[in-house]
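Lettering of chains follows the sequences in order, A, B, ..., and the numbering in each one begins at 1.
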Amino acid sequence: MRDDSSKPVSNFIKHIIDEDIKNGKNDGRIHTRFPPEPNGYLHIGHAKSICLNFGIAVDYSGLCNLRFDDTNPDREELKYVAAITEDVHWLGFSWENREYYASDYFEQLYGYAIELIKKGRAYVCDLNSDEIRQHRGTLTEAGQESPYRNRPADENLDIFMRMRAGEFEDGARTLRAKIDMSSGNINMRDPVIYRIQRSTHHRTGDQWCIYPMYDYAHCISDSIEKITHSLCTLEFEDHRPLYDWFLDEIGVFHPQQIEFARLNLSYTVMSKRKLLQLVNGGHVKGWDDPRMPTIAGLRRRGYTPESIRIFCDRIGVAKADSTVDMALLEYCVREDLNKRAPRIMTVLHPLKIVILNYPHDTIEELDAVNNPEDESAGTRKVPFSREIYIERDDFMEDPPKKFFRLAPGREIRLRYAYFITCEKAVKNDRGEIVELHCTYDPATRGGDAPDGRKVKATLHWVSAEKFIQTEVRLYSHLFTEAEPDSRKDGTEFRDYLNPESLEVLTDCYAEPSLSSSKPGEHFQFERLGYFCVDPESSPERPVLNRTVTLRDTWAKIKNKN
RNA sequence: UGGGGCGUCGUCAAGUGGUAAGACACAUGGUUUUGGUCCAUGCAUUCGGGGGUUCGAAUCCUCCCGCCCCAGCCA
């Protein structure tokens with residue numbers, strides 16, 4: 001699936017692919033893969049990779065596999081593969097029957113390891129992890145060769161097979177590639193390719209007590225699947241020589257690894273580790289907390305797959321480290337929801353109005369447009385009565401020059417209803433405004449004055465006779481700093497958690513029609529923002545999450561003052 | 001004193017020797033029964049810096065500066 005197909009996006013990876021096709025590489029075949037480790041939830045950074053990999057497959061009439069990189073059973077769980085497949089599907093991508101697992105290749109991987117041993121390119125090392133580290137050297141000093149480095153091939157073969165058979169304790173030995181302990185690239189200093197690890201794998205159970213390492217398993221998995229272009233993030237750039245080394249030594253199909261910059265987003269963090277800390281530390285309510293940049297969180301917040309896809313198209317793909325402005329993501333979801341979200345009126349902070357000259361015991365049903373951007377969305381009836389609620393912010397007793405909403409003596413329009421004029425603000429003992437007394441002009445029914453007189457503002461409102469009480473959860477940035485995790489002053493991301501990232505409003509009043517809404521449905525609350533029905537919602541008591549506010553010019557003017 | 005990358009508008013990002021796309025953000029007008037949407041306009045004489053090659057350089061050469069990644073039996 002591709003959005004914005006009218007504007008094909010160019011990037012350096014496509015240039016490489018174009019060139020490859022021109023040169024007839026792989027007979028013009030294009031095959032990518034998205035290779036998550038099932039050890040956590042997907043976030044918007046993964047969405048970038050998903051859109052890139054699946055998008056390229058679509059653009060070049062190729063294929064994209066979903067492959068779980070499940071070579072470390074200590075951290076991986078079945079529940080994560082379920083969550084990941086759900087998220088990728090939800091984003092709108094399909095991999096048909098090409099759902100693969102690195103663990104499917106364990107036997108083949110083992111076979112290639114035997115070959116490497118026979119070729120003298122791998123050896124069993126008896127050093128423990130501390131000793132291996134000590135032998136590795138430093139960034140500026142070469143490493144020392146392991147005393148086991150020149151163990152004869154047949155002995156290596158024998159011990160490696162006994163490793164598989166379970167003869168040795170966890171961590172007692174490793175299989176290592178025999179490359180170059182003095183390489184400037186630390187990845188090439190005889191990297192471990194198999195470790196002994198007795199943990200139950202979510203797919204292979206207790207069949208194995210040795211597991212391959214990422215560098216070894218990943219390139220061969222790509223090769224087995226005949227991947228043509230293996231796209232990964234920048235931190236794997238240093239691993240490419242190793243990726244190439246394994247495939248060259250084994251002599252199998254050789255995909256091309258290409259690295260791109262991972263996505264960073266302002267006002268949030270984007271690593272599984274940090275997101276996990278937010279969950280475990282109780283700073284959010286879970287992986288799908290609407291404040292989280294996870295796919296599950298964004299979904300619950302009310303982001304649509306389309307909005308995320310178009311966002312991924314717009315941010316581009318390059319090799320420079322970058323942090324994309326959260327405002328772009330918000331723009332993308334507003335743009336999408338503006339076209340599709342039905343409008344409804346909801347008052348978040350109610351202020352009662354009594355319309356003195358409107359009859360008691362009368363409820364009118366007024367026509368309201370469901371979506372001015374989509375005529376086919378039709379109209380609905382909204383009940384109007386003598387007492388209504390408006391937004392507290394829409395009235396000021398002593399308004400500044402540029403405030404053109406309701407004020408004493410001023411006439412405004414109630415959307416789809418009538419013009420009303422504020423006659424009096426009624427206060428309590430403490431001088432707080434408790435309600436407004438207004439009068440209406442019956443001739444303005446529907447919202448237009450027959451005499452053509454204009455009004456400076458149109459306010460949303462809800463009948464105080466017929467409404468549904470709702471809970472509304474307002475979200476704002478999770479962090480108070482744009483880049484909470486890359487500061488140099490000794491502080492860390494958790495120091496910048498926004499204490500006001502969630503505000504729960506339990507006494508909001510919505511049009512009655514909201515009671516028939518279902519979890520996941522989107523609405524625009526007129527003049528306020530886009531909202532999405534939460535899974536915790538019920539017909540008796542709807543719960544709405546604010547996805548994003550509307551652009552608010554008045555707020556800008558107010559803040560400038 | 002190691003290896004690998006990257007520096008184009010506030011933020012992303014095109015550009016691949018012929019004279020700086022686009023988007024977001026920002027600003028200003030217009031339309032409007034959402035201070036929304038939409039529309040129009042403005043917003044890098046210059047591409048991290050210096051030198052060089054060339055009729056011509058963000059693009060080529062050279063030196064310098066800055067930033068990111070790497071020392072898991074994680075991925």
Atom C1', compared across rC68(B) and rC55(B): separation rounded to whole Å: 40 Å
Verify the contact: side-chain N or O of Arg405(A) to OP1 or OP2 of rU34(B), cut-off strictly under 4.0 Å; return yes or no. no
Report yes if at least one side-chain N or O of Arg527(A) is closer than 4.0 Å to OP1 or OP2 of rG35(B); otherwise report no.
yes
Ala318(A) has its side chain closest, among rG3(B), rA13(B), rG2(B), to rA13(B)
So CG of Asp393(A) and CH2 of Trp554(A): to nearest 0.5 Å the spacing works out to 10.0 Å
Leu329(A) near the nucleic acid: base, sugar-phosphate alone, or nothing, with a heavy-atom cut-off under 4.0 Å? nothing
Distance between P atoms of rC39(B) and rA71(B) (Å, rounded)
49 Å
Checklist entry - Are OP1 or OP2 of rG15(B) and a side-chain N or O of His15(A) less than 4.0 angstrom apart? => result yes
Has Arg343(A) got a side-chain N or O lying under 4.0 Å from the OP1 or OP2 atom of rG36(B)? no
Side-chain donor-acceptor pair under 3.5 Å between Ser103(A) and Asp70(A), yes or no?
yes
For this session: Consider only side-chain N and O atoms of Asp130(A) and Asn128(A), and report whether a donor and an acceptor are under 3.5 Å apart.
Result: no
Base, sugar-phosphate alone, or nothing: which one does Glu373(A) contact when heavy atoms must sit under 4.0 Å apart? base
**Message:** I want to check one thing: is the phosphate of rU37(B), taken as OP1 and OP2, less than 4.0 Å away from some side-chain N or O of Arg551(A)?
**Reply:** yes
Atom CG of Asp180(A) and atom P of rG4(B) are separated, to the nearest Å, by 13 Å
Regarding rG72(B), purine or pyrimidine glycosidic angle vs 90° from 0 gives syn
Task: Nearest-angstrom distance, C1' atom, rC60(B) to rU16(B) - done: 11 Å
Looking only at rC69(B), rU34(B), rU37(B), the nucleotide nearest the Asn338(A) side chain is rU37(B)
Side-chain N or O of Lys454(A) versus OP1/OP2 of rU32(B): is the shortest distance under 4.0 Å?
no
C1' spacing across the pair rC69(B) / rC64(B), given as an integer number of angstrom: 22 Å
When rounded to whole Å, the CH2 to P distance for the pair Trp554(A) and rU34(B) reads 18 Å
Please confirm whether the shortest side-chain N or O distance from Thr71(A) to OP1 or OP2 of rA75(B) is below 4.0 Å. yes
Taking rC74(B), rG36(B), rC24(B) as options, the one with an atom nearest any side-chain atom of Arg195(A) is rC74(B)
Return yes if a side-chain donor-acceptor contact under 3.5 Å exists between Ser49(A) and Asn53(A), otherwise no.
yes
task = Could you check whether Arg415(A) gets within reach of a base, just the sugar-phosphate, or nothing at all, counting any heavy atom under 4.0 Å?
result = base
Item to complete: Select base, sugar-phosphate, or nothing to describe what Thr553(A) touches, counting heavy atoms under 4.0 Å on all strands.
Response: sugar-phosphate
Next on the checklist: Rounding to an integer number of angstrom, what distance separates rC70(B) and rU28(B) when you compare their C1' atoms?
Outcome noted: 50 Å
Rounded to whole Å, CE of Met163(A) lies from P of rC73(B) at a distance of 13 Å
Exercise. Does Arg314(A) put a side-chain nitrogen or oxygen below 4.0 Å from OP1 or OP2 of rA13(B)?
Worked result: no
Re rC6(B): Watson-Crick or G-U wobble partner, both distances kept under 3.5 Å, found to be rG66(B)
Arg546(A) CZ to rG36(B) C1', in whole Å, measures 15 Å
Nearest-nucleotide check on RNA chain B, Arg189(A) vs Thr323(A); residue mapping nearer the 5' end is Arg189(A)
Under a 3.5 Å threshold, yes or no: a donor from one side chain and an acceptor from the other, between Asn39(A) and Glu37(A)? yes
(Q) When you measure from the side chain of His43(A) to the backbone of Met270(A), do you find a donor-acceptor pair of N or O atoms at a distance under 3.5 Å? (A) yes
Q.
I'd like to check, for Tyr214(A), whether its ring lies over the base of rA75(B) with centroids under 5.5 Å apart and a plane angle smaller than 30°.
A. no
>> Measuring only the P atom in each nucleotide, how far is rU53(B) from rC61(B)? A whole number of Å is fine.
In response: 15 Å
Q: Select base, sugar-phosphate, or nothing to describe what Lys402(A) touches, counting heavy atoms under 4.0 Å on all strands.
A: base
Under a 3.5 Å limit on both distances, the Watson-Crick or wobble mate of rC38(B) is rG30(B)
Under 4.0 Å, heavy atoms only, any strand: does Tyr194(A) hit a base, just the sugar-phosphate, or nothing?
nothing
- Message: Just to be sure I understand the rule, does Pro372(A) reach a base, reach only the sugar-phosphate, or reach nothing, if contact means heavy atoms closer than 4.0 Å?
- Response: base
Separation of rU34(B) atom C1' from Glu391(A) atom CD, nearest Å, is 13 Å
| said: Any donor-acceptor pair, under 3.5 Å, between the side chain of Gln524(A) and the base of rU34(B), if you only look at N and O atoms? | reply: yes
From the candidates rC12(B), rG36(B), rA75(B), the one with an atom nearest any side-chain atom of Asp69(A) is rA75(B)
Phe236(A) atom CZ is separated from rG72(B) atom P, nearest whole Å, by 15 Å
Taking a pair to mean Watson-Crick or G-U wobble geometry with both distances below 3.5 Å, rA13(B) pairs with none
| said: Whether the side chain of Asp238(A) and the base of rG3(B) hold a donor-acceptor pair under 3.5 Å is what I'd like checked. | reply: yes
Is Ser183(A) close enough to rG3(B) that one of its side-chain N or O atoms is under 4.0 Å from OP1 or OP2 there?
no
In whole angstrom, give me the gap between the P atoms of rU45(B) and rC9(B). 11 Å
Item to complete: Have a look at Ile315(A) and say if it touches a base, only the backbone sugar-phosphate, or nothing, with a 4.0 Å heavy-atom cut-off.
Response: sugar-phosphate
Residue pair Thr138(A)/Asn11(A) against RNA chain B: nearer the 5' end by closest nucleotide is Asn11(A)
The side chain to side chain donor-acceptor pair (under 3.5 Å) partner of His460(A) among Glu526(A), Glu391(A), Arg343(A), Arg415(A) is Glu391(A)
### Task
Would you mind classifying the nucleic acid contact of Ile132(A) as base, sugar-phosphate or nothing, using non-hydrogen atoms under 4.0 angstrom?
base
| Any luck finding a side-chain donor-acceptor pair between Tyr123(A) and Asp190(A) under 3.5 Å? | yes
Assess, by modelled atom type and distance only, whether the side chains of Glu225(A) and Tyr105(A) contain a donor and an acceptor separated by less than 3.5 Å. yes
Of rC12(B), rC26(B), rG35(B), the nucleotide closest to the side chain of Lys556(A) is rC26(B)
Report task. Using a heavy-atom cut-off of under 4.0 Å over every strand shown, decide if Arg173(A) touches base, sugar-phosphate, or nothing. Result -> nothing
**Phosphate OP1/OP2 of rC74(B) contacted by Gln197(A) side-chain N/O (<4.0 Å)** = yes
Assign Glu526(A) to base, sugar-phosphate, or nothing according to its heavy-atom contacts below 4.0 angstrom with the strands shown.
base
| query | With a 4.0 Å cut-off on heavy atoms, is Met213(A) in touch with a base, just the backbone sugar-phosphate, or nothing at all? | reply | sugar-phosphate
Measuring only the P atom in each nucleotide, how far is rU37(B) from rA27(B)? A whole number of Å is fine. 13 Å
* Asked: Which part of the nucleic acid, if any, lies within reach of Ile557(A) when heavy atoms closer than 4.0 Å are counted: base, sugar-phosphate only, or nothing?
  -> base
*So what does Asp448(A) hit on the nucleic acid, given a heavy-atom distance under 4.0 Å: a base, only sugar-phosphate, or nothing?*
base
Quick one: sort the His201(A) and Tyr211(A) rings into parallel, tilted or perpendicular, breaks at 30° and 60°.
parallel
